[in-house]
Amino acid sequence: MDVEGKPGRSGPINPAALGTPLTVRIESRPAAQIVHLAGTVAIHQSDELREQLRSVLTPSTPNLVLNLRDLEFVSSMGIAAIVAAHNDARNRGGRAALVSPRPAIAKLLSITRVDRLIPVYPSLEAALDALPQGG
Amino acid sequence: MRIPEDFDVSEARMRTMVVPSDLRAAKVPEDRIIDELGRWSYDPDSVFAIKLALEEALTNAVKHGNKNDRAKQVVVSFSIDPQRAIIMVRDEGPGFRPDCVPDCTADENLERPNGRGIMLIHAYMTKVRFNETGNELWMLKENPAAAVRSTPPPSGRR
């Protein structure tokens, strides 16, 4: 279902896809916890997402990689959850990274300058390579 | 309802929905408006922009205006046609000064999780107006596809 390392999809968003339910899949790697976000973060789901991202980090794996390749929509509340996760990772001595946002999400990250706070990579491999080795 | 003059729409054309201060309830008018945009074949970028601005407005109304008090209501009025989408969101809170919201893109504020909503509404909508107290927000988005359709073809040939 999720092929790692593929770049984000290009082209316009399908408006119908903006109603696709959010799925959150967590993948543990030695270097980082990878969270694959897909679909739409609905207006009432941001607090829940924030808690999920907060709970994913462990003392032995403080690095967090958010795979945004299949994320269709997120508002500022979802962005807030991502920034809070970045702050959590940093406070635990780790780092956060974003991977393959679609053009609309990349624009959102750029307008808010969140892409200056959290580095964005074109692939999971590139993000994992950039993280400190050994977690 | 005090419609901003430059929005050029009559109250009779506005449809109104009232929901309690709850983000799940706020999804009902949001879904209705998104359906309307689909019906008028708004382009994907415009749908994304309007959905984003509307969610920012609804979140502000529920969380900051009405402080999540379900006894208080959020009023959503809208008028959507092929040329433009006009949306009003009003809460029962005391309002705020939009010009006093800190710049969320300033280096010192980047790590603050919240505070990006108002800036995004301005960034994605064509016109944005608040009433004097700040508890009523009007937003207008022009449909670029309609502008293209209404542009007359070049006249004459060389």
Side-chain angles (χ1 to χ4, degrees), chain A residues 9-22 40-51 53-54 71-91 95-96 101-119, chain B residues 19 21-31 33-64 68 74 101 103-124 145:
Chain A
R9 289 182 206 164
S10 59
I13 305 162
N14 173 6
L18 292 181
T20 307
L22 174 68
T40 286
V41 183
I43 188 169
H44 60 279
Q45 290 181 310
S46 297
D47 289 342
E48 184 185 336
L49 174 63
R50 195 165 178 158
E51 285 309 309
L53 295 180
R54 191 190 303 275
L71 184 65
E72 299 275 0
F73 178 86
V74 64
S75 72
S76 74
M77 293 299 288
I79 297 288
I82 291 172
V83 171
H86 155 81
N87 293 345
D88 281 349
R90 190 202 50 206
N91 292 340
R95 283 163 55 182
R102 295 178 178 205
I105 305 296
K107 178 182 173 186
L108 188 56
L109 295 171
S110 174
I111 288 174
T112 55
R113 294 188 75 222
V114 167
D115 60 356
R116 303 294 295 271
L117 180 68
I118 312 173
Chain B
V19 294
S21 294
D22 177 277
L23 290 178
R24 283 184 185 276
K27 198 168 181 309
V28 176
E30 180 190 331
D31 287 347
I33 288 169
I34 299 301
D35 284 349
E36 283 279 310
L37 297 172
R39 195 160 74 84
W40 292 114
S41 301
Y42 274 63
D43 68 277
D45 286 345
S46 295
V47 175
F48 186 99
I50 294 166
K51 178 179 170 70
L52 179 68
L54 178 56
E55 285 206 6
E56 303 301 344
L58 290 168
T59 301
N60 282 345
V62 169
K63 288 198 162 192
H64 304 302
N68 294 302
V74 176
V101 175
D103 177 7
C104 63
T105 64
D107 286 344
E108 65 271 21
N109 293 330
L110 286 183
E111 292 192 358
R112 292 172 63 165
N114 298 312
R116 297 178 176 84
I118 299 297
M119 185 275 282
L120 288 174
I121 292 170
H122 282 284
Y124 280 85

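Below, chains carry the letters A, B, ... as their sequence lines are ordered, and counting in each starts from 1.
A:Ser76 OG to B:Asn60 CG: the interatomic distance, rounded to the nearest 0.5 Å, is 7.0 Å. In this structure, CG on B:Leu110 lies 10.0 Å from CD1 on A:Ile118, to the nearest 0.5 angstrom. From B:Arg112, atom CZ reaches atom CG of A:Leu117 across 13.5 Å, with rounding to the nearest 0.5 Å. One distance of note links OG1 of B:Thr105 with CZ of A:Arg116; it measures 10.5 Å at 0.5 Å rounding. Atom OG1 of A:Thr40 is separated from atom CD of B:Glu55 by 8.5 Å, given to the nearest 0.5 angstrom. Separating the CG atom in B:Asp103 from the CZ atom in A:Arg113 is a distance of 8.5 Å, to the nearest 0.5 Å.
Side-chain contact between B:Arg116 and A:Val83: present, with at least one pair of heavy atoms (C-beta onward) separated by less than 4.5 Å. Under the 4.5 Å side-chain criterion, counting only non-hydrogen atoms from C-beta, A:Lys107 is not in contact with B:Asp45. For the pair A:Leu108 and B:Leu52, the minimum side-chain heavy-atom distance is below 4.5 Å. Side chains of B:Asp22 and A:His44 form no contact here, defined as non-hydrogen atoms less than 4.5 Å apart. Between A:Thr112 and B:Met119 the shortest side-chain heavy-atom distance falls below 4.5 Å.
Of all heavy-atom pairs spanning A:Ser75 and B:Glu56, the tightest one is CB-OE2, 3.5 Å. Considering all non-hydrogen atoms of both residues, B:Tyr124 and A:Ala104 come closest at OH-O, 4.3 Å.
Among the candidates B:Glu30, B:Lys63, B:Arg24, the residue making the largest number of heavy-atom pairs closer than 4.5 Å to chain A is B:Arg24. Per-residue counts of heavy-atom pairs under 4.5 Å with chain A were compared for B:Asp31, B:Leu37, B:Asp107, B:Leu54; the largest is that of B:Asp107.
Both the backbone and the side chain of B:Glu111 come within contact range of chain A, with heavy atoms under 4.5 Å apart.
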